[in-house]
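Read through the structure below, which is laid out as structure tokens, and then see the notes.
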Amino acid sequence: MGTSGSYGGSGTADWQEAHEAFDALPGSTPSDTGPGDLPDAAEGQQHLLDHLLDALSTALQKDDADRGRPTAAGYPLSALLASPGGGGGGGGGGGTQTPTGRAGAGSRRQVLKGSARGAAAIAGAYALRSGDAARLQELGLDLAELRRLGPRAQIARILQAVLGDAGHPDEAALRKAATRWVKAVLLDAEPPAMQEGLRGLVIEWIYELSLVELGSQKAQGNLSAQGAIRKQRWLRSWLERRLKRLIIPDMRRMPVGEFSATAAKVTGEALRMLRARRS
């Protein structure tokens with residue numbers, strides 16, 4: 001399930017509560033609505049979904065290296081990129097990269113910093129779409145070089161320059177979350193507004209990171225693939241509903257570093273919103 005692979009799971013009491021809340025969601029039945037929709041009965045089960053989001057956000061806040069609140073100094077852009085300095089504008093096109101994300105079982109989870117890194121990739125996509133060479137240069141990327149590539153190669157180059165290789169399930173989750181919105185910016189006929197793109201990244205990152213744990217070896221193994229997919233869709237749908245009023249500032253003139261810092265702050269606020277259970 002999700003992006004966890006053979007990941008064992010954190011095994012903390014907070015994650016155990018999240019596992020139990022996920023298990024408590026009703027299983028699939030023939031009377032359920034179509035894929036991606038909440039079943040009619042969910043109106044009477046909203047408390048189960050709210051309890052799940054509360055448990056997930058609590059566990060993620062406690063796991064986070066910054067405990068769900070960005071440091072006062074923020075994250076320097078150089079600390080977010082997989083290849084600091086950009087190799088003279090190559091943008092990750094070769095050479096040895098310095099990993100900046102989670103690596104190994106003993107490393108701390110980077111919830112807010114991960115969001116900032118994903119946002120840097122999205123900022124690069126917006127810069128390429130608008131022809132903003134200066135913002136691309138902040139990421140060590142060259143506008144002219146990128147314009148010589150096809151769309152798929154452009155996406156791969158931006159993601160590799162910012163995120164590097166995914167050597168941990170959390171990193172695979174971040175790449176998956178960022179890829180969805182980098183593609184939307186570069187491939188859609190009309191790119192999403194920056195506020196929409198950032199909100200989408202935050203929701204997708206929380207969702208994918210949650211699946212890393214919910215699909216770990218510490219999750220119960222008696223759920224069918226169809227049942228797991230249905231519950232995942234309910235989780236994503238409810239996340240979108242709960243965070244649709246998440247306030248996103250105007251980001252159109254922000255340099256990449258500020259765009260990334262804003263993503264970290266918004267993610268922290270999103271986690272706090274999800275902990276406010278509805279009665």
Which distance, rounded to the nearest 0.5 Å, do you find between the [atom1] of [X] and the [atom2] of [Y]?
X    : Y    : atom1 : atom2 : value
K231 : L52  : NZ    : CG    : 9.5 Å
S57  : L239 : OG    : CG    : 9.5 Å
L149 : I158 : CG    : CD1   : 9.5 Å
D64  : L209 : CG    : CG    : 9.5 Å
K176 : Y207 : NZ    : OH    : 7.0 Å
Q232 : S210 : CD    : OG    : 10.5 Å

Please check if the side chain of [X] supplies one atom and the backbone of [Y] the other of a donor-acceptor pair under 3.5 Å.
X    : Y    : value
D142 : A144 : yes
W181 : G200 : yes
R108 : D63  : yes
K265 : P70  : no
K183 : I155 : no
S260 : V256 : yes

Trace of the salt bridge (Lys or Arg N to Asp or Glu O under 4.0 Å) decision for E196 with R199
CA-CA 5 Å; E196 179 187 349; R199 180 182 289 103; over 6 Å; no

Side chain to side chain, [X] and [Y], heavy atoms closer than 4.5 Å:
X    : Y    : result
R152 : L187 : yes
D50  : R242 : yes
E145 : R157 : yes
I206 : L56  : no
E258 : M251 : no
M273 : E269 : yes
L186 : Y126 : no
E208 : L174 : no

Summary of salt bridge (Lys or Arg N to Asp or Glu O under 4.0 Å) pairs that have at least one residue in residues 65-82, sequence neighbours excluded
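Counting only pairs at least two positions apart or across chains, no salt bridge (Lys or Arg N to Asp or Glu O under 4.0 Å) contact touches residues 65-82.
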
Tell me, which pairs form a salt bridge (Lys or Arg N to Asp or Glu O under 4.0 Å) where one or both residues lie in residues 117-141, sequence neighbours left out?
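Every pair satisfying salt bridge (Lys or Arg N to Asp or Glu O under 4.0 Å) with a residue in residues 117-141: R117-E171, D132-R135.
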
Atom of [X], atom of [Y] and distance for their closest heavy-atom approach:
X    : Y    : value
A21  : H51  : CB-CD2, 3.4 Å
P26  : W234 : O-CZ3, 2.9 Å
P192 : A184 : CD-O, 3.7 Å
A18  : L214 : O-CD2, 4.0 Å
W15  : A59  : CE2-CB, 3.4 Å
P191 : V185 : CB-O, 3.6 Å

Test side-chain contact (heavy atoms from CB on, under 4.5 Å) applied to T58 and L274, step by step
CA-CA 9 Å; T58 297; L274 295 177; over 6 Å; no

Short side-chain donor-acceptor distance under 3.5 Å, R175 and Q160
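Present: a donor and an acceptor within the cut-off.
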
As a test of understanding, state which of L146, L139, L141 forms a side chain to side chain contact (heavy atoms under 4.5 Å, CB included) with L128.
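So, applying the side chain to side chain contact (heavy atoms under 4.5 Å, CB included) to L128 and each of L146, L139, L141, only L146 qualifies.
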
Charged N-O contact under 4.0 Å between R109 and E213:
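The answer is yes: the pair qualifies as a salt bridge.
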
